[in-house]
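Contents: one structure, followed by commentary.
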Amino acid sequence: MPVPEPQHGAEAAAEASHGADLTLLVIEDDPAGTFTVPELPAAAGTRVRIRTARNLTEAGRLLTDDVDCVLLDLALPTGSETRASGAGNAEEADGLAALQHVLRIAPRHAVLALTAQDDTELAAAAVRVGAQDYLFRDELDGRLLSRAIRYAVERKRADVAQRRLTESALRAQENARLERGLLPTPLLEGSDLRFAARYRPGRSRALLGGDFYDTVRTPDGTVHVMIGDVCGHGPDEAALGVELRIAWRALTLAGLCGDELLSTLQQVLEHERESEEIFATLCTVDIAPDGRRAGLCLAGHPAPLIARPGRAAHLLPYEDGGPALGLLPRARWPRRQVDLGGSWSLMMYTDGLIEGRVSESGTQRLGQDGMVAMINRQLAQGLTGEDLLEAAVAQVRELNGGELTDDVAVLLLDRDEEHVHRRFPNGGRGRGIPRPRPGSALPMAP
């Protein structure tokens with residue numbers, strides 16, 4: 001039976017399967033000629049083919065990818081320069097040095113150590129160093145060697161699988177720590193607004209997708225909030241989303257707003273994207289220090305939803321929006337002023353929330369109208385804050401008949417005017433929040 005092609009080069013030893021031929025490399029040098037490899041019986045149709053090397057140099061040449069197991073005679077003489085430090089005597093030092101050399105040149109092969117029956121300490125030391133098992137030279141027969149070879153190959157296979165699993169788990173932990181560190185931390189200290197968010201990436205086992213959001217409060221008391229979506233939801237899109245979010249925060253803290261900010265973000269996108277086909281939608285809202293007015297900019301993004309006490313939730317105006325970032329080189333994004341009122345809830349979201357299907361087998365999607373109706377039903381049930389967002393995402397998944405394939409980001413800002421007056425009876429003086437003069441208005445961005 002021919003030896004199958006190795007799947008991963010030298011990892012063929014770890015991938016040997018039952019019923020396939022095995023190749024054994026014997027490394028021994030017996031000047032007296034008293035050692036011979038016993039005849040190996042075929043077990044379950046498996047044959048063991050033997051190669052012999054008289055020294056480590058020759059073994060290195062014969063150690064090809066189709067070798068499954070190495071049988072090393074620990075009595076093999078080695079030079080003093082290769083002896084293992086800390087060994088109890090010269091013979092043990094030579095034996096372990098030879099074994100360590102073999103383990104270095106054959107890290108993915110099964111290795112059996114061969115030693116004299118009265119040298120049990122050396123045999124045990126060989127296993128501690130890395131051999132899969134040991135055999136006594138005086139008791140060696142074909143059946144014992146055949147069984148030991150198969151055991152060693154399977155044990156090495158299990159060791160390799162466990163190592164891969166451990167490495168995969170460590171990489172997953174590192175990726176999770178990295179992605180978790182890239183998620184935003186809202187900067188709202190000193191604000192009377194309450195913030196909640198839900199984020200669900202479309203990629204399996206990921207914490208970060210192409211959706212992104214952020215919220216910061218600038219020294220003048222204005223609260224800036226943003227949500228965006230890079231087309232696609234792979235790791236490259238996730239990385240670009242992080243870059244845009246960080247750039248938005250830096251530009252906002254530097255004082256940019258409206259069209260000037262979005263034009264600069266478009267330049268960042270154009271420089272960082274991998275192809276000209278990549279674009280990103282964006283929605284920005286800047287809420288005045290008094291919490292009653294806001295400026296709205298839309299770049300190809302769904303309009304936010306606002307809910308006020310005693311009134312049905314509805315979408316903010318979206319007729320004056322501009323194109324998505326990265327589509328038109330000299331685009332403009334007008335900033336529209338919106339009256340929020342005293343008490344309100346503002347929900348911003350990405351299209352992953354509205355593009356899910358409304359039935360498992362149907363083609364109709366939820367859409368913005370369906371989302372507004374769903375949120376109104378949940379508000380009528382008394383849901384607010386985290387509970388409202390959790391219920392919204394859960395119901396969208398339920399309507400879709402399972403997990404959503406696109407990233408979903410949704411955030412909620414709330415303001416309760418009665419709570420603000422109870423907490424800050426002086427209207428916010430002393431909190432670093434400037435009080436607007438009667439009749440004053442937010443400046444309009446160009």
Side-chain angles (χ1 to χ4, degrees), residues 1-30 35-54 56 58-76 95-96 98-117 119-120 122-167:
M1 183 183 298
V3 178
E5 277 296 315
Q7 296 181 6
H8 299 286
E11 294 182 7
E15 302 296 337
S17 59
H18 296 289
D21 284 359
L22 298 175
T23 300
L24 173 69
L25 175 61
V26 179
I27 309 174
E28 63 88 20
D29 182 17
D30 183 11
F35 174 75
T36 58
V37 179
E39 183 179 352
L40 298 172
T46 302
R47 296 177 300 175
V48 179
R49 297 180 296 188
I50 298 175
R51 297 178 187 173
T52 303
R54 298 179 62 84
L56 295 177
E58 187 177 352
R61 292 196 299 267
L62 296 176
L63 192 64
T64 53
D65 290 343
D66 60 334
V67 172
D68 300 289
C69 185
V70 177
L71 176 63
L72 172 66
D73 186 355
L74 297 183
L76 187 74
L96 294 182
L99 175 60
Q100 290 171 331
H101 178 83
V102 170
L103 292 173
R104 282 196 299 272
I105 65 175
R108 298 180 182 88
H109 291 77
V111 177
L112 290 170
L114 184 67
T115 187
Q117 187 172 0
D119 208 347
T120 56
L122 178 58
V127 174
R128 288 197 300 270
V129 168
Q132 271 62 60
D133 203 353
Y134 62 83
L135 296 168
F136 291 130
R137 189 182 300 107
D138 301 335
E139 296 182 350
L140 194 62
D141 61 32
R143 191 170 298 277
L144 176 62
L145 178 57
S146 178
R147 185 170 64 247
I149 292 171
R150 287 166 176 77
Y151 169 77
V153 169
E154 292 303 320
R155 181 172 178 180
K156 185 64 177 182
R157 179 182 182 183
D159 290 343
V160 171
Q162 181 60 44
R163 185 176 68 249
R164 289 177 181 169
L165 184 62
T166 302
E167 292 173 351

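Atom set for the values below is all heavy atoms of this structure, side chains included, hydrogens, waters and symmetry mates excluded.
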Are Val67 and Leu62 close enough that some pair of their side-chain heavy atoms sits under 4.5 Å apart? no
Tell me which one of Leu135, Leu72, Leu76 satisfies side chain to side chain contact (heavy atoms under 4.5 Å, CB included) with Leu114. Leu135
Would you indicate whether the side-chain heavy atoms of His109 and Val102 approach each other to under 4.5 Å? no
How far apart are the closest heavy atoms of Arg108 and Lys156, and which atoms are they? C-CE, 3.6 Å
Among Ile149, Ile27, Val26, Thr52, which one satisfies side chain to side chain contact (heavy atoms under 4.5 Å, CB included) with Leu71? Val26
Pairing of Asp133 and Arg147 as salt bridge, 4.0 angstrom limit: no
Shortest non-hydrogen contact from Thr115 to Ala123? CG2-CB, 3.8 Å
Does the side chain of Thr120 come within less than 4.5 Å of Tyr134's, by heavy atoms? no
Please report the closest heavy-atom contact between Ala126 and Ala113, naming both atoms and the distance. CB-CB, 3.8 Å
Is there a side-chain contact between Arg51 and Asp66 in this structure, where contact means two heavy atoms from C-beta onward sitting under 4.5 Å apart? yes
Considering only heavy atoms from C-beta outward, does the side chain of Arg137 approach that of Leu140 to under 4.5 Å? no
For Gly60 and Ile105, work out which heavy atoms get closest and say how close. CA-CD1, 4.3 Å
Is the shortest heavy-atom distance from the side chain of Leu112 to the side chain of Cys69 under 4.5 Å? yes
Qualifying residue for side chain to side chain contact (heavy atoms under 4.5 Å, CB included) with Asp159, from Arg155, Gln162, Arg157: Arg155
Quick one: are Asp21 and Asp68 in side-chain contact, heavy atoms under 4.5 Å? no
What are the two closest non-hydrogen atoms of Arg104 and Pro107, and how far apart are they? O-CD, 3.6 Å
